[in-house]
There are 2 protein chains.
Amino acid sequence: MAVGIKDVARVAEVSPATVSRVLSGRSVDPAMQERVLAAVKSTGYRPNLAARRLRSQHTNTIGLIVADIRNPFFTAVSRAIENLATARGMRVILCNTDEDPAKEAGYLELMHEERVTGVIFAPCRQWVEKAERLEPGFPVVLIDRSLPSAGLDSVLLDNESMAAELVAHLHAQGHRRIAGLFGAASSTGIERRVGFEQAARKLGLAATAVEMPHATEAAQRVVTELLSGPVRPDALVASNGVMLLTVLRALRGLGLEAPTDIALAGFDNNDWMEFVGGGLSVIEQPVEEIGRTAMTMLLDRLDHPDAPARKVVLAGRLISRGSSGPRASAAPQPIGA
Amino acid sequence: MAVGIKDVARVAEVSPATVSRVLSGRSVDPAMQERVLAAVKSTGYRPNLAARRLRSQHTNTIGLIVADIRNPFFTAVSRAIENLATARGMRVILCNTDEDPAKEAGYLELMHEERVTGVIFAPCRQWVEKAERLEPGFPVVLIDRSLPSAGLDSVLLDNESMAAELVAHLHAQGHRRIAGLFGAASSTGIERRVGFEQAARKLGLAATAVEMPHATEAAQRVVTELLSGPVRPDALVASNGVMLLTVLRALRGLGLEAPTDIALAGFDNNDWMEFVGGGLSVIEQPVEEIGRTAMTMLLDRLDHPDAPARKVVLAGRLISRGSSGPRASAAPQPIGA
DNA sequence: ATAACGTTAGAAAACGTTTTCTCACACTCA
DNA sequence: TGAGTGTGAGAAAACGTTTTCTAACGTTAT
């Protein structure tokens with residue numbers, strides 16, 4: 001039923017080896033080449049990728065393991081990476097862990113079994129404790145989240161600086177009781193929290209940072225609790241776009257409105273943010289560039305397996321909305337190596 | 001370097017066939033089974049999926065080809081499908097066509113080369129004209145968009161009825177000059193437009209339906225033009241969530257505000273929609289159920305290759321927000337076979 | 001003119017599994 | 001007791017490619 005390379009060879013009256021050579025673009029007699037191409041067309045031959053990968057021992061496949069595909073940040077980065085990959089003739093296996101360490105481990109195992117060329121990975125914090133346990137066996141580039149001491153290439157946002165910029169922005173707008181909500185499942189939340197706290201201290205603000213759980217209802221409870229305390233904050237910073245939504249929901253539950261009752265700012269520039277509550281001030285991440293950089297680093301790593309690990313830190317861009325804050329900006333650019 | 005099944009066999013002092021049998025859970029002597037398992041662990045053996053797929057001739061892989069991964073509707077459906085698939089031990093190859101017929105054809109070709117078990121597919125309209133050219137060679141289930149006369153299984157929203165419900169909703173709120181914006185790249189936009197026009201006619205409204213191009217700037221121009229005409233509509237219906245955003249952007253450009261200056265409604269219940277302009281009324285699609293149904297139909301099709309094609313039409317749910325419209329609802333349920 | 005070399009294409013091996021085939025063994029039943 | 005039957009494990013074939021190996025040929029240089 002299925003037509004294989006031998007069938008093509010028979011029709012073209014050449015050997016299977018020659019067909020293979022034509023298809024992989026190596027030099028063959030033009031006359032033969034023509035016969036082969038004609039035979040391919042007439043038979044409707046399609047190479048069997050499994051067989052090809054088995055024999056050639058390279059899969060031209062990269063794994064992309066993200067923490068939450070519903071987060072527009074990750075879909076944007078995924079799209080960028082996929083486009084770059086297919087342009088180079090590589091396939092992408094996209095995996096979504098839902099921040100679940102078990103799924104994460106499972107997908108890593110799958111990457112092994114697929115014998116992927118390399119992996120781009122946004123890990124949750126389970127590996128921080130047992131970083132040495134993560135012996136990839138293939139090149140890995142971390143995105144969005146770092147793993148201290150894992151010795152892996154990574155491309156990150158300059159989280160601390162950006163969080164500080166957000167605090168400064170709110171401070172400049174006159175807010176003094178700023179609270180921050182940060183995830184603890186990834187290094188990203190932690191770094192942003194550190195930047196937030198340092199900036200607040202430097203400005204002499206008594207800012208409170210709170211840990212956000214990943215589950216939505218629990219997260220909402222946390223926000224509600226924070227806002228129901230004795231002195232309500234006059235500004236809120238959320239660790240990412242998804243949490244910003246949770247905050248909005250909690251505010252609504254309390255009958256509060258942003259930015260009238262409380263200022264709101266955060267990370268990730270989702271496309272709806274300009275339309276909500278007079279516009280939300282956020283740190284926009286250079287998603288396209290994050291994808292491009294990760295891909296480049298992965299390919300570099302394939303060429304130079306033993307080069308020292310690199311860490312690329314990209315700047316974000318403050319998008320000031322709502323009140324009359326300063327219209328600050330900075331083109332995304334590497335600031336470290 | 002790499003450890004194969006033969007190495008495991010040698011360590012366990014059994015034949016490779018036995019190792020294979022243990023790993024695929026067939027009955028073997030318990031003592032041997034134990035030796036094999038121990039050997040697998042001690043050697044760190046990982047099966048080579050390419051080899052396995054080549055020999056066994058089934059890939060346990062389904063392709064999922066969507067039109068726009070940035071559209072939350074598709075990410076939600078993808079997530080549902082992926083969860084179901086992995087629960088059944090199947091892999092998913094996720095492809096994003098960006099509504100580009102060339103990409104679409106390329107990915108379909110890839111599906112062939114991967115020898116996928118089946119494909120779940122949201123096609124753009126290129127196939128309508130040349131439906132017979134789409135000879136899959138594997139089971140295909142269409143989602144979100146239908147291909148008349150292609151004889152394929154499909155699961156769709158009841159687009160016409162839902163569009164009509166939206167019109168009725170706006171009419172009940174007192175709006176009389178309703179305009180609709182519909183994409184022409186897929187059957188979905190067309191069906192919604194038909195439902196919109198029929199409902200308007202039935203209500204005696206002089207509703208105008210306009211075609212939205214896919215490119216964002218062009219789309220925005222269309223909306224701006226529509227709103228700058230001699231008599232401005234007092235309500236706008238958008239064909240999906242992405243277009244709703246385009247509309248919001250165009251409104252802003254004209255200095256108009258929803259729902260004060262104009263009412264806004266559409267399809268897809270994205271998570272931010274309750275927070276924008278007092279809340280947008282939308283038709284919520286049963287994304288989870290769409291994914292589940294598509295998966296079920298695909299598996300059914302594998303069991304019964306020659307059964308007649310089925311078309312499942314699911315109801316959406318009107319989520320009434322903003323003004324004081326009726327709080328209508330209907331649980332998603334099949335209404336057709 | 002002949003040896004040495006480079007190029008080209010076919011023959012055959014190899015990739016790492018699963019599956020078929022074969023055989024040995026134990027058990028049942030007449 | 002002996003033939004028939006069922007079970008379980010190893011040997012070997014098979015999956016569809018790519019790659020190595022080998023041989024033939026044409027070209028150049030001596």
Side-chain angles (χ1 to χ4, degrees), chain A residues 1-37 39-40 43-61 89 91 109-117 137, chain B residues 1-37 39-40 43-61 89 91 109-117 137:
Chain A
M1 186 64 216
V3 22
I5 205 171
K6 290 179 190 171
D7 304 300
V8 177
R10 194 175 323 115
V11 172
E13 297 178 300
V14 298
S15 75
T18 301
V19 177
S20 173
R21 286 191 263 257
V22 169
L23 262 35
S24 60
R26 284 200 288 274
S27 89
V28 292
D29 185 294
M32 287 188 148
Q33 169 149 339
E34 196 171 331
R35 291 217 309 276
V36 168
L37 260 21
V40 165
T43 55
Y45 166 73
R46 306 180 206 262
N48 181 319
L49 289 186
R52 177 174 288 180
R53 293 204 263 253
L54 171 59
R55 171 62 233 217
S56 71
Q57 298 288 73
H58 44 69
T59 56
N60 277 339
T61 298
R91 268 213 331 102
E109 184 67 21
L110 176 65
M111 295 301 107
H112 264 117
E113 301 187 352
E114 293 275 4
R115 304 291 194 269
V116 292
T117 309
Chain B
M1 186 66 216
V3 22
I5 206 172
K6 290 179 191 171
D7 304 299
V8 177
R10 195 176 321 116
V11 172
E13 296 178 300
V14 298
S15 75
T18 300
V19 176
S20 173
R21 286 192 262 258
V22 169
L23 262 35
S24 59
R26 284 200 288 274
S27 87
V28 292
D29 185 293
M32 287 187 148
Q33 169 147 339
E34 196 171 331
R35 292 216 308 276
V36 168
L37 261 20
V40 165
T43 56
Y45 167 72
R46 305 179 206 265
N48 181 319
L49 289 187
R52 176 175 289 180
R53 293 203 263 252
L54 171 59
R55 171 62 234 216
S56 70
Q57 298 288 71
H58 44 69
T59 56
N60 278 338
T61 298
R91 268 209 335 99
E109 184 68 21
L110 176 66
M111 296 301 106
H112 264 116
E113 300 187 352
E114 293 276 3
R115 304 292 193 270
V116 292
T117 309

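On a predicted model such as this, the values are computed, not experimentally measured, just so you know.
What you find for Ala9(A) and Ser15(A) is that their closest heavy atoms are CB-C, 3.7 Å. Of all heavy-atom pairs spanning Val22(B) and Gln33(B), the tightest one is CG2-CA, 4.1 Å.
Using a 4.0 Å cut-off on heavy atoms, the residues of residues 21-31 of chain A that approach DNA chain C are Arg21(A), Ser27(A), Val28(A), Asp29(A), listed by number. Contacts of residues 5-15 of chain B with DNA chain D (heavy atom under 4.0 Å): Val14(B), Ser15(B). Listed by residue number, the members of residues 48-57 of chain A with any heavy atom below 4.0 angstrom from DNA chain C are Leu54(A), Arg55(A), Gln57(A).
Evaluated for a side-chain contact (heavy atoms from CB on, under 4.5 Å) with Val116(A), the options His112(A), Glu114(A), Glu113(A) yield exactly one hit, Glu114(A).
Residues Leu23(B) and Val40(B) are in side-chain contact: their nearest non-hydrogen atoms beyond the backbone lie under 4.5 Å apart. The side-chain heavy atoms of Asp7(B) and Val11(B), taken from C-beta on, include no pair separated by under 4.5 Å. Looking only at side-chain heavy atoms (C-beta outward), Arg115(B) and Asn48(A) come within less than 4.5 Å of each other. In this structure, Leu49(B) and Leu110(A) have side chains that are in contact, with non-hydrogen atoms separated by less than 4.5 Å.
Atom CD of Glu109(A) sits in a crowded spot, with more than 12 heavy atoms from other residues, nucleotides or ligands closer than 6.0 Å.
Atom P of nucleotide dG16(D) and atom NE2 of His58(B) are separated by 14 Å, given to the nearest angstrom.
Interatomic distance, CD of Gln57(A) versus CZ of Arg52(A), reported as 14.5 Å (0.5 Å rounding). A distance of 12.5 Å separates CG in Leu54(B) from CZ in Arg55(A), rounded to the nearest 0.5 Å.
Using a 4.0 Å heavy-atom criterion, one finds that Thr18(A) contacts the sugar-phosphate atoms exclusively.
When distances are taken from the side chain of Ser20(B) to each of dT19(C), dG10(C), dA9(D), the shortest belongs to dT19(C).
Between Tyr45(A) and Arg35(B), it is Arg35(B) whose nearest contact on DNA chain D lies nearer the 5' terminus.
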